[in-house]
Protein chains: 2
Amino acid sequence: MTTITARQRLIDAAVEAFAEKGFTATTTRDIASRAGMSPAAVYVHHDSKESLLFTVSLQGHRAALDVIDRAAESTTDPVDRLRAMVYDFSLWHADNSRVGRIVQYEYHALTPAHRAEVATFRRSIEKTMQDALTDGVGQGVLDVDDVPGTAFSLLSLGVDLVRWFEPGGSRSGQELASLHADLAVRMTSR
Amino acid sequence: MTTITARQRLIDAAVEAFAEKGFTATTTRDIASRAGMSPAAVYVHHDSKESLLFTVSLQGHRAALDVIDRAAESTTDPVDRLRAMVYDFSLWHADNSRVGRIVQYEYHALTPAHRAEVATFRRSIEKTMQDALTDGVGQGVLDVDDVPGTAFSLLSLGVDLVRWFEPGGSRSGQELASLHADLAVRMTSR
DNA sequence: GTCTATAAATTGATAGAC
DNA sequence: GTCTATCAATTTATAGAC
């Protein structure tokens with residue numbers, strides 16, 4: 001049995017609202033009413049509006065890191081692995097474009113302490129991608145001049161999806177992920 | 001003789017403030033005080049806070065389109081042209097990351113009418129990139145399966161710079177633009 | 001064209017009844 | 001754990017003096 005708590009309903013409402021209007025433009029009244037509650041109910045389950053943002057952002061960062069880490073461990077062949085990592089990372093951003101938008105665009109709205117906490121996830125994501133490129137170069141399969149720059153560019157393809165992607169648009173997430181994976185292989189293969 | 005009008009000083013202040021804190025989190029008092037004026041002075045020179053945003057956004061869209069259009073006309077060789085377009089577009093986003101951030105991240109804060117107006121510039125930018133790829137394929141020099149998707153991905157590399165690029169960081173704009181141009185050629189060459 | 005003062009509305013968060 | 005009512009602060013924008 002899956003019980004959806006009031007706390008979780010507020011988190012879901014916050015995701016909707018923050019993704020649609022941005023953190024600052026979202027009022028706590030808006031979040032409460034999307035969750036079918038009174039304005040005061042927000043503060044029974046969450047400390048503040050920023051604390052709601054942190055909860056969403058932390059979950060999003062965790063999920064994105066998890067996706068790319070699993071892909072990195074799925075195989076040892078450098079090309080297959082890179083393809084899987086780029087495909088899964090881009091697909092996650094398409095399938096979770098609302099959370100992704102909050103993760104990327106509301107990063108600056110976090111308190112410095114909370115920002116520092118999610119920053120560790122960002123560094124891990126970059127490191128995972130860099131390590132995959134470095135290993136592929138070491139195995140003599142990939143040809144990459146600038147590993148950190150190329151790693152960042154590959155992640156950019158996925159991240160930038162959250163800026164415009166909407167489910168039900170002219171292109172599916174799988175289609176875009178597949179395109180990004182193809183481009184990634186061309187960018188890095190010998 | 002270059003006279004900086006009060007109107008322009010307010011625009012400059014708005015660019016600083018919007019890029020730093022976002023449109024909604026920026027107060028008209030903040031803009032006024034950055035321009036060394038009283039809160040009321042804003043409304044002598046601009047109709048509203050959104051009208052200031054529109055002015056900035058329109059100038060930014062115009063400049064970005066201008067940059068990529070000039071690059072597209074600089075040569076007819078498909079590879080050189082693509083390299084120039086990606087290099088200049090990415091360099092513009094690094095050199096103008098504050099205006100670029102406003103262009104990209106505050107697009108939704110425009111009124112529907114103003115949003116429609118800048119949207120025409122966005123379509124022109126995409127079309128310019130698509131045409132360059134299509135022509136390169138037609139000349140038998142480039143190999144691109146998915147022209148609209150690849151064009152969008154190439155622009156993404158530049159656009160995504162505004163998310164994190166800061167002048168004086170570990171990498172220069174030229175360095176990043178050069179990387180993007182190299183990647184673009186690898187992504188599209190036969 | 002600048003200012004001070006303020007209107008009118010909205011905000012995040014809390015108090016206290018049930 | 002929910003609500004209604006409200007506080008205290010802040011917001012965009014305007015009025016009117018100089």
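Just so it is clear, the structure is predicted and the values come from calculations on it, not from any experiment.
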> Of the nucleotides D/dG1, C/dT2, D/dA13, which one has an atom closest to the side chain of B/S48?
Replying inline: D/dA13
Measure [atom1]/[X] against [atom2]/[N] and give the value in whole Å, please.
X     : N      : atom1 : atom2 : value
B/I31 : D/dA13 : CD1   : C1'   : 13 Å
A/R29 : D/dT4  : CZ    : P     : 12 Å
B/K21 : D/dT10 : NZ    : C1'   : 12 Å
A/K49 : D/dA9  : NZ    : P     : 19 Å
A/Y43 : C/dA15 : OH    : C1'   : 14 Å
A/L10 : C/dG12 : CG    : C1'   : 15 Å
A/H46 : C/dG12 : NE2   : C1'   : 15 Å

With a non-hydrogen cut-off below 4.0 angstrom, is [X] in contact with a base, only sugar-phosphate, or nothing?
X     : result
A/A40 : base
B/T26 : sugar-phosphate
B/S38 : base

> If you draw a 6.0 Å radius around CZ in A/R70, do more than 12 non-hydrogen atoms from other residues or ligands fall strictly inside?
Replying inline: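 No, CZ of A/R70 has 12 or fewer neighbouring heavy atoms, counting only those of other groups under 6.0 Å.
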>> I'd like to know whether CG of B/D143 has more than 12 heavy-atom contacts from other residues, nucleotides or ligands below 6.0 angstrom.
In response: yes
> Is B/R34 reaching over with its side chain to a backbone N or O of B/A13, donor-acceptor style, under 3.5 angstrom?
Replying inline: no
>> Would the distance check show the side chain of A/K21 and the main-chain N or O of A/T27 forming a donor-acceptor pair, the cut-off being under 3.5 Å?
In response: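 The answer is no, because no donor-acceptor pair under 3.5 Å joins these two groups.
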>> With a cut-off of less than 4.0 Å, is there a side-chain N or O of A/T28 near OP1 or OP2 of C/dG12?
In response: yes
> Side-chain N or O of B/H45 less than 4.0 angstrom from OP1 or OP2 on C/dT2?
Replying inline: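 For B/H45, the contact criterion (side-chain N or O under 4.0 Å from OP1 or OP2 of C/dT2) is met.
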